[in-house]
Amino acid sequence: MRIEKTDFEGLLRIFPEVHRDDRGLFAELWQAARYEDLWPELSFVQDNFSVSKKGTLRGLHFQKKHPQGKLITVLEGEIFDVALDLRPSSKTFGRVYTVSLSADDLSQVYIPEGMAHGFLTLSPVARVFYRCTDFYYPDDEAGILFSDANLGIRWPEVGELTVSEKDRRAQTFFEWRQSVGL
Ligand SMILES: Cc1cn([C@H]2C[C@H](O)[C@@H](COP(=O)(O)OP(=O)(O)O[C@H]3O[C@@H](C)C(=O)[C@@H](O)[C@H]3O)O2)c(=O)[nH]c1=O
């Protein structure tokens, strides 16, 4: 396993070792002892799985009082993954981290608590598995508009987008800043 730090505090790229043979492959996607140096206090309490067709865009989501750290792995296909830093004290506050994640190498990204998260499906299907450090609280959930021009996200061109009504109606980053007095 190889770990790369990024400019974003706590946001890591993880490359699990993938063992391939004539049957297929084997990989450890999570191993507590190996990861505990990175996140001594980390514990996952919920595993999520979603399946998306090409052009599906989910996000950018976060929880206000119950922020979730997320360890994301793509089990089939490829996504363009996005994390927006909403931590006021962070030196990367307001900046966006983007990365392509693919089932080809099972590489992961860990998005720390305090960032909004979303992704766009680039392949015909994407099966996305992610571990979360807190539970889902529907009433605590919020979003930032994925197409907010001020974020400067260069979403790859994939044709027609499929986006939930909730995500289409999300607030802009500016509106969120105003609502929390930042
Ligand atoms: C997120 C979530 C949704 N649900 C339900 C609510 C709803 O009926 C259905 C679909 O929910 P959503 O439309 O919010 O699903 P989705 O748009 O995939 O939401 C997810 O997006 C990605 C980008 C994230 O980072 C996740 O944390 C989560 O917010 O699943 C749960 O039961 N538990 C959960 O943890």
Side-chain angles (χ1 to χ4, degrees), residues 6 8-14 29-30 35 39 42-87 90 92-103 106-148 151-156 158-173 175-176 179-180:
T6 66
F8 293 74
E9 180 73 36
L11 195 154
L12 302 170
R13 285 279 280 136
I14 300 146
L29 298 182
W30 165 253
Y35 287 62
W39 306 299
L42 188 81
S43 67
F44 293 116
V45 297
Q46 182 174 323
D47 287 347
N48 291 345
F49 177 62
S50 65
V51 181
S52 305
K53 64 181 181 181
K54 185 171 182 175
T56 297
L57 196 156
R58 299 174 187 259
L60 309 168
H61 300 159
F62 63 102
Q63 294 191 155
K64 293 174 278 190
K65 295 202 191 97
H66 301 278
Q68 295 172 301
K70 298 170 191 170
L71 176 65
I72 295 156
T73 315
V74 175
L75 302 181
E76 180 183 347
E78 185 179 12
I79 63 171
F80 179 75
D81 205 66
V82 173
L84 166 65
D85 197 342
L86 299 178
R87 300 168 294 182
S90 167
T92 49
F93 175 72
R95 278 179 50 196
V96 168
Y97 176 85
T98 65
V99 67
S100 283
L101 295 177
S102 161
L106 293 170
S107 69
Q108 299 167 307
V109 63
Y110 177 71
I111 298 173
E113 297 176 1
M115 298 187 83
H117 172 243
F119 64 85
L120 171 64
T121 304
L122 305 178
S123 49
V125 176
R127 297 179 190 272
V128 180
F129 172 77
Y130 48 106
R131 314 206 73 195
C132 300
T133 59
D134 206 342
F135 301 106
Y136 170 59
Y137 293 92
D139 295 339
D140 190 40
E141 202 188 32
I144 304 286
L145 188 64
F146 69 94
S147 55
D148 179 351
L151 297 178
I153 305 172
R154 292 205 209 133
W155 296 100
V158 288
E160 196 184 338
L161 295 181
T162 301
V163 183
S164 71
E165 190 55 32
K166 174 182 74 175
D167 289 351
R168 284 192 190 282
R169 286 190 277 103
Q171 64 198 326
T172 63
F173 180 56
E175 287 167 340
W176 171 76
S179 73
V180 294

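Everything quoted here is computed from the prediction, not taken from an experiment. Ligands are counted one by one from 1 in listed order, and the atoms in each one are counted from 1 as well.
Between the choices Phe146, Tyr130, Phe49, the shortest heavy-atom distance to atom 26 (C) of ligand 1 belongs to Tyr130. If you check each of Lys70, Gln46, Gln63, Gln68 against atom 27 (O) of ligand 1, the one with the closest non-hydrogen atom is Lys70. Across the listed options His117, Lys166, His61, His61 owns the non-hydrogen atom lying nearest to atom 19 (O) of ligand 1.
Considering backbone and side-chain atoms alike, Asp167 places every N or O at 3.5 Å or more from each N or O of ligand 1. Backbone and side-chain nitrogen or oxygen atoms of Arg58 are examined, and one is located within less than 3.5 angstrom of a nitrogen or oxygen of ligand 1.
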Original post:
Would Lys70 and Asn48 count as a side-chain contact (heavy atoms from CB on, under 4.5 Å) if you check the C-alpha gap in whole Å, the side-chain angles of each, and the deciding distance to 0.1 Å?
Top reply: CA-CA 10 Å; Lys70 298 170 191 170; Asn48 291 345; over 6 Å; no
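Shown are Met115, Glu9, Arg87; of these, the side chain to side chain contact (heavy atoms under 4.5 Å, CB included) with Thr92 is made only by Arg87.
Taking the charged nitrogens against the carboxylate oxygens, Asp47 and Arg131 do have a contact shorter than 4.0 Å, which makes a salt bridge. Checked for salt-bridge contact, Glu141 and Lys166 meet the test: a charged N lies under 4.0 Å from a carboxylate O.
The presence of a protein heavy atom under 4.0 Å from atom 7 (C) of ligand 1 is ruled out. Per-atom contact check: atom 14 (O) of ligand 1 touches the protein, criterion being a heavy-atom distance below 4.0 Å. For atom 11 (O) of ligand 1, the protein comes within 4.0 Å by no heavy atom at all.
What you find for Gly143 and Gln171 is that their closest heavy atoms are O-NE2, 3.0 Å.
Every atom of ligand 1 with a heavy atom of Glu141 under 4.0 Å away is listed here by number and element: 14 (O), 29 (O).
If you check the side chains of Ser52 and Arg58, you find a donor sitting under 3.5 Å from an acceptor. Judged by distance alone, the side chains of Gln108 and Thr73 do bring a donor and an acceptor atom under 3.5 Å apart.
The single protein non-hydrogen atom nearest to atom 4 (N) of ligand 1 is Tyr136 CE2, 3.5 Å, given as residue, atom name and distance.
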